[in-house]
Amino acid sequence: MQELIDWFQSLEPLPWQNDRDPYKVYILEIMSQQTTLSVMMKRYPSWISTFPSIDSIAAASEEDVLLAWEGLGYYQRARNIYTIAKFIKEHGFPEPNLSSWLQLPGVGRYTAAAILSRAYNKPYLAVDVNVKRIIMRIFGVSSYDQGLEEKFIALLGKNLFDKYSSDMNQGLIRLGQSLCKKKEIICKECPLMKICKSAGNISCLNVSTKKTIERRDKYLVIISFNEYIYIEKIESGVGKNMYRLPLVDYELWQTFLLEPGASLLSKRKHSYTKYCDYLYPLYIEIKEMELLQRFDNITKHLIACNKKKLHERPFLSSYRIIIDELLGGGGKDLFLEDQ
DNA sequence: AAGACGTGGGA
DNA sequence: TTCCCAAGTCT
């Protein structure tokens, strides 16, 4: 299927398309997961600017890496990048084969294949959800079977794939994003039309399973004292080793509400996966050292961070938004009541 | 093997 | 505003 290669090469190339540096290809593949092209266009260049090499990451801290990843979500990926950078600094890149790369944390079958074909020109088929859908349509089947992959490569042309797997892998993904989409197909422009059993016939729709949403209320306090804001390090779970504004239980939050200097900020909604969180931020401005002691019971577990340095710590997005509005825009939209 | 893991952006 | 989506991996 020379047609696939020709079609791919006729597209406007992505800025990083022809970079074969294993480090950059690795970052590119990890960052691409579960995100959109517009996010990539913004974040990939800035990442490379912050961390131009494996060594630059290995020389940083995990917190620095999480900060650079902030806003991209799925933060385990950033922790893995840090782990892998240190490993590679010591041992070098893995051998260019599937089993060696699969040993790296966060590198699964898709990512390993994509890196090996892009950076090392190894003929592995990188099967992501797009390619999976294309394969199912090509063969006109309604369930996926890994055995189809070898047949698919044969259909593409084994010799051609051995030589041009990088372009063909990338071409297939672009195809899945543009012509052979989940809910929309444009077969007449498809380079694979000749070999497709489902041509013109949309099928293999992923049935989206509706998840039941779980609502959660979170009560947080922003304790401000001189130049400092108290923040809390997340020890486990979502956002591990990142920071948040301190969460307290409702009872305590209510008692803080009555403190002098306390003002209620507008509530925030933050949804992800199956959760719908409502954040209730309470801003407490403490002017006297004596008053600070009234919060000893919680502040002793917290970190006093200079307001000017809050941007140096990695925060989960929902908290970052509140912090930015509080410090940046004068909190105009944030405050419920005028002071 | 179903569920967890996050977010910004577009309709 | 609200809903829904987007280059997976791990357990």
Side-chain angles (χ1 to χ4, degrees), chain A residues 8 11 14 16-17 24-44 46 66 68-81 83-84 98 101-119 124-135 143-144 166-178 180-184 205-216 234 236-242 244 266-279 314-321 324:
Chain A
F8 173 65
L11 302 174
L14 301 176
W16 47 79
Q17 187 160 298
K24 290 185 186 167
V25 170
Y26 161 67
I27 294 296
L28 182 62
E29 290 300 338
I30 300 298
M31 195 183 281
S32 301
Q33 294 167 14
Q34 309 292 288
T35 193
T36 57
L37 190 58
S38 61
V39 171
M40 283 298 292
M41 294 293 268
K42 184 163 178 282
R43 300 298 300 269
Y44 177 72
S46 70
L66 284 165
W69 199 264
E70 193 189 87
L72 289 168
Y74 293 110
Y75 296 99
Q76 187 57 42
R77 295 182 296 176
R79 295 177 209 112
N80 288 337
I81 286 170
T83 303
I84 288 175
L98 219 43
W101 278 83
L102 283 173
Q103 287 172 28
L104 301 182
V107 175
R109 209 167 145 271
Y110 164 78
T111 306
I115 293 170
L116 286 162
S117 85
R118 284 178 81 126
Y124 294 107
L125 187 65
V127 183
D128 75 331
V129 66
N130 290 295
V131 177
K132 198 172 275 190
R133 182 174 61 252
I134 290 169
I135 290 175
S143 68
Y144 191 77
S166 177
D167 279 4
M168 290 178 112
N169 277 328
Q170 293 182 65
L172 288 167
I173 291 176
R174 297 287 292 271
L175 191 59
Q177 295 167 333
S178 56
C180 195
K181 299 200 253 190
K182 195 157 55 170
K183 298 183 179 177
E184 184 192 351
L205 285 176
N206 295 21
V207 270
S208 57
T209 49
K210 292 172 205 142
K211 283 170 186 161
T212 51
I213 303 300
E214 182 180 328
R215 181 184 162 146
R216 300 183 300 194
I234 300 169
S236 63
V238 176
K240 181 181 172 192
N241 294 348
M242 298 175 74
R244 66 183 169 214
S266 52
K267 80 174 175 193
R268 299 276 150 169
K269 190 161 93 161
H270 178 247
S271 310
Y272 68 98
T273 61
K274 58 175 283 208
Y275 299 106
C276 179
D277 293 345
Y278 286 88
L279 307 183
F315 280 86
L316 287 174
S317 278
S318 50
Y319 303 100
R320 172 63 75 197
I321 291 166
D324 283 353

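Everything numeric here is computed off the predicted structure, so don't read it as measured data. Below, all heavy atoms of this structure are taken into account, side chains as well, without hydrogens, waters or symmetry copies. Each chain gets a letter, A, B and so on, in the order its sequence line appears, and its residues count up from 1.
Atom P of nucleotide B/dG6 and atom CE of A/M31 are separated by 15 Å, given to the nearest angstrom. We find that CG of A/L72 is positioned 13 Å from C1' of C/dA6, with the value rounded to whole Å. Between the OH atom of A/Y26 and the P atom of C/dT9 there is a distance of 11 Å, given to the nearest Å.
Side-chain to base pairing of A/Y74 with B/dG6: one donor and one acceptor N or O lie within less than 3.5 Å of each other. You'll find a donor-acceptor pair under 3.5 Å spanning the side chain of A/S32 and the base of C/dA7, going by distance alone.
Residue A/S318 is out of contact with every strand shown, counting any heavy-atom pair closer than 4.0 Å. Note on A/R77: nothing from the nucleic acid sits closer than 4.0 angstrom, heavy atoms only. Among the atoms of the strands shown, none is found under 4.0 Å from any heavy atom of A/I30. Among the protein residues, A/T36 comes within range of the nucleic acid bases, having at least one heavy atom under 4.0 Å from a base atom. Nucleic acid contact class of A/Q34 (heavy atoms, under 4.0 Å, all strands): base. Residue contacts shown for A/Q177 include a base, since a base heavy atom lies under 4.0 Å away. In this structure, A/V131 reaches neither bases nor backbone, as no heavy-atom distance under 4.0 Å exists between it and the strands shown. Here A/S38 lies in heavy-atom contact (under 4.0 Å) with sugar-phosphate atoms only. In this structure, A/G239 reaches the sugar-phosphate backbone alone: every heavy-atom distance under 4.0 Å involves primed, P, OP1 or OP2 atoms, never a base.
For A/K274, no side-chain nitrogen or oxygen approaches OP1 or OP2 of B/dG3 to under 4.0 Å. OP1 or OP2 of C/dA6 sits under 4.0 Å from a side-chain N or O of A/K182. At the phosphate of B/dG6, neither OP1 nor OP2 sits under 4.0 Å from any side-chain N or O atom of A/H270.
Both the sub-6.0 Å distance and the 45° axial angle are satisfied by A/R215 relative to the ring of A/Y278. The cationic group of A/R216 lies under 6.0 Å from the six-membered ring centre of A/Y275 and within 45° of the ring axis, placing it in a cation-pi geometry.
Comparing atom distances between the A/Y275 side chain and each of B/dC5, C/dA7, B/dG8 picks out B/dC5 as nearest. Among the nucleotides C/dT9, C/dT2, C/dC5, the one closest to any side-chain atom of A/K183 is C/dC5. Of the candidate nucleotides B/dT7, C/dA7, B/dC5, B/dT7 has the atom lying nearest to any side-chain atom of A/L316. Nearest nucleotide to the A/Y272 side chain, out of B/dT7, C/dC5, C/dA7: B/dT7. Nearest to the side-chain atoms of A/T111 among the listed nucleotides B/dG6, C/dT9, C/dA7 stands C/dT9. Which of B/dG9, C/dA7, B/dC5 sits closest to the side chain of A/L14 comes down to C/dA7.
Side-chain atoms of A/Y110 and A/Q33 form no donor-acceptor pair, as typed in the model, at a separation below 3.5 Å.
Below 30°, between 30° and 60°, or above 60°: for A/Y44 and A/W16 the angle between ring planes is above 60°, a perpendicular geometry.
A distance of 6.0 Å separates NE2 of A/H270 from OG of A/S317, quoted to the nearest 0.5 Å.
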